[in-house]
Amino acid sequence: MENIEFALDSFRAVTYVKGNDRPVVLISPVPAFAPGESVSLLSHDEIPCFLAEKGKFLAGFVVDQEAALSGSKKEEISRFLNEMKAELKKVEVYFAPCLTFSHIIVSEEEIEGAMEQGYQPACKRTDGSDFLDVPLILLMQLRSLGIPMENIHLSRFDTSENPSLLYSSLNGDREYNLTVATLN
């Protein structure tokens with residue numbers, strides 16, 4: 001089975017699927033600065049988010065529901081982009097496979113809290129159940145920082161809906177998905 005690959009002008013990302021050999025990597029919060037250097041993230045159902053400016057930097061952040069709703073990752077990403085003196089119109093973003101809204105069931109209190117924060121587009125109600133679209137919340141946050149919509153890309157793979165390819169804590173998996181991104 002082939003790994004999940006995604007490429008942009010600034011970087012290339014590979015998510016290793018179940019059953020395939022994985023590279024031995026050291027997970028480090030330090031961003032990559034030279035072409036050919038990589039950033040690796042381990043995740044279950046959280047959002048592995050990669051940001052890069054071609055030839056300048058590549059960084060990765062794992063964003064869970066709590067961090068998205070609290071805005072803590074948005075603040076961390078904003079600080080990082082400021083430190084890098086990033087040209088926001090040139091920053092490219094990729095959300096690797098993660099859990100999507102149809103699997104993120106939340107309480108009425110949680111959905112109301114998200115709506116109060118201005119995330120109405122990410123709040124969905126059907127058949128009396130409340131769902132939260134965490135990738136959409138992160139997308140909205142990145143847009144509010146000034147990253148153009150056309151520079152933000154989401155994987156078409158949901159970790160829970162692809163149990164033959166990806167690990168999901170929602171499905172009871174303990175192993176993590178590995179995504180390695182390499183700066184161009």
Side-chain angles (χ1 to χ4, degrees), residues 1-18 20-68 70-100 134-159 162 165-169 175-184:
M1 193 160 301
E2 294 202 22
N3 293 318
I4 298 167
E5 297 188 24
F6 185 80
L8 293 168
D9 285 343
S10 55
F11 67 96
R12 177 178 170 272
V14 178
T15 301
Y16 292 86
V17 300
K18 286 181 176 180
N20 284 4
D21 289 337
R22 298 171 153 202
V24 176
V25 295
L26 297 175
I27 306 303
S28 171
V30 178
F33 292 107
E37 290 183 352
S38 297
V39 173
S40 303
L41 296 177
L42 291 174
S43 62
H44 267 133
D45 296 325
E46 310 86 1
I47 306 163
C49 175
F50 294 93
L51 297 97
E53 190 174 330
K54 186 175 177 136
K56 188 172 179 184
F57 67 82
L58 168 65
F61 301 87
V62 176
V63 183
D64 63 16
Q65 180 177 328
E66 182 180 328
S70 73
S72 64
K73 282 295 178 185
K74 175 187 175 186
E75 291 171 11
E76 183 180 347
I77 291 168
S78 178
R79 279 192 306 273
F80 172 79
L81 293 172
N82 285 331
E83 287 172 16
M84 294 295 106
K85 296 179 175 53
E87 287 185 63
L88 296 176
K89 291 189 183 326
K90 293 183 177 181
V91 172
E92 293 185 300
V93 179
Y94 172 58
F95 297 174
C98 62
L99 203 60
T100 59
V134 179
L136 181 55
I137 290 173
L138 182 58
L139 182 145
M140 292 169 69
Q141 291 172 346
L142 295 176
R143 289 284 297 121
S144 75
L145 294 177
I147 298 172
M149 182 64 206
E150 59 271 14
N151 292 6
I152 303 172
H153 308 274
L154 287 71
S155 172
R156 60 184 180 91
F157 292 93
D158 178 293
T159 49
N162 293 279
L165 298 176
L166 299 163
Y167 298 103
S168 170
S169 57
E175 192 161 348
Y176 290 87
N177 297 303
L178 171 66
T179 303
V180 179
T182 305
L183 185 63
N184 291 334

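All values derive from a computational prediction rather than experimental measurement.
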Self-check item: Residues Asn177 and Thr15: side-chain donor-acceptor under 3.5 angstrom
Solution: no
Exercise: identify the closest heavy-atom pair between [X] and [Y]:
{"X": "Glu53", "Y": "Ser10", "result": "C-CB, 4.0 Å"}
{"X": "Ala52", "Y": "Leu58", "result": "CB-CD1, 3.8 Å"}
{"X": "Leu142", "Y": "Cys49", "result": "CD1-SG, 4.4 Å"}
{"X": "Pro135", "Y": "Phe95", "result": "O-CE1, 3.4 Å"}
{"X": "Pro97", "Y": "Pro48", "result": "O-CD, 3.4 Å"}
{"X": "Ala68", "Y": "Val134", "result": "CB-CG1, 3.8 Å"}

Quiz item: Can you list the residues that meet the salt bridge (charged side-chain N to carboxylate O under 4.0 Å, His left out) rule with Glu175, with sequence neighbours excluded?
Solution: Arg22
Self-check item: salt bridge (charged side-chain N to carboxylate O under 4.0 Å, His left out): pairs with one or both residues in residues 4-17, sequence neighbours excluded
Solution: Glu5-Arg12
Exercise. For side chain to side chain contact (heavy atoms under 4.5 Å, CB included), just list the numbers for Tyr16 and Val180, CA-CA rounded to whole Å, side-chain angles, deciding distance to a tenth of an Å, and then say yes or no.
Key: CA-CA 8 Å; Tyr16 292 86; Val180 179; 3.9 Å; yes
Practice problem: Kindly write out the residues that satisfy side chain to side chain contact (heavy atoms under 4.5 Å, CB included) with Glu76, not counting sequence neighbours, or none if the list is empty. | Solution: Phe61, Lys73, Arg79
Neighbour count above 12 (heavy atom, 6.0 Å) for [X] [atom1]:
{"X": "Lys18", "atom1": "NZ", "result": "yes"}
{"X": "Glu2", "atom1": "CD", "result": "no"}
{"X": "Tyr176", "atom1": "OH", "result": "no"}
{"X": "Asn82", "atom1": "CG", "result": "yes"}

Within the distance-only criterion (no hydrogens, no angle test), does the side chain of [X] pair as donor or acceptor with the backbone N or O of [Y] below 3.5 angstrom?
{"X": "Glu46", "Y": "Ser43", "value": "no"}
{"X": "Asp45", "Y": "Leu99", "value": "no"}
{"X": "Lys74", "Y": "Leu145", "value": "no"}

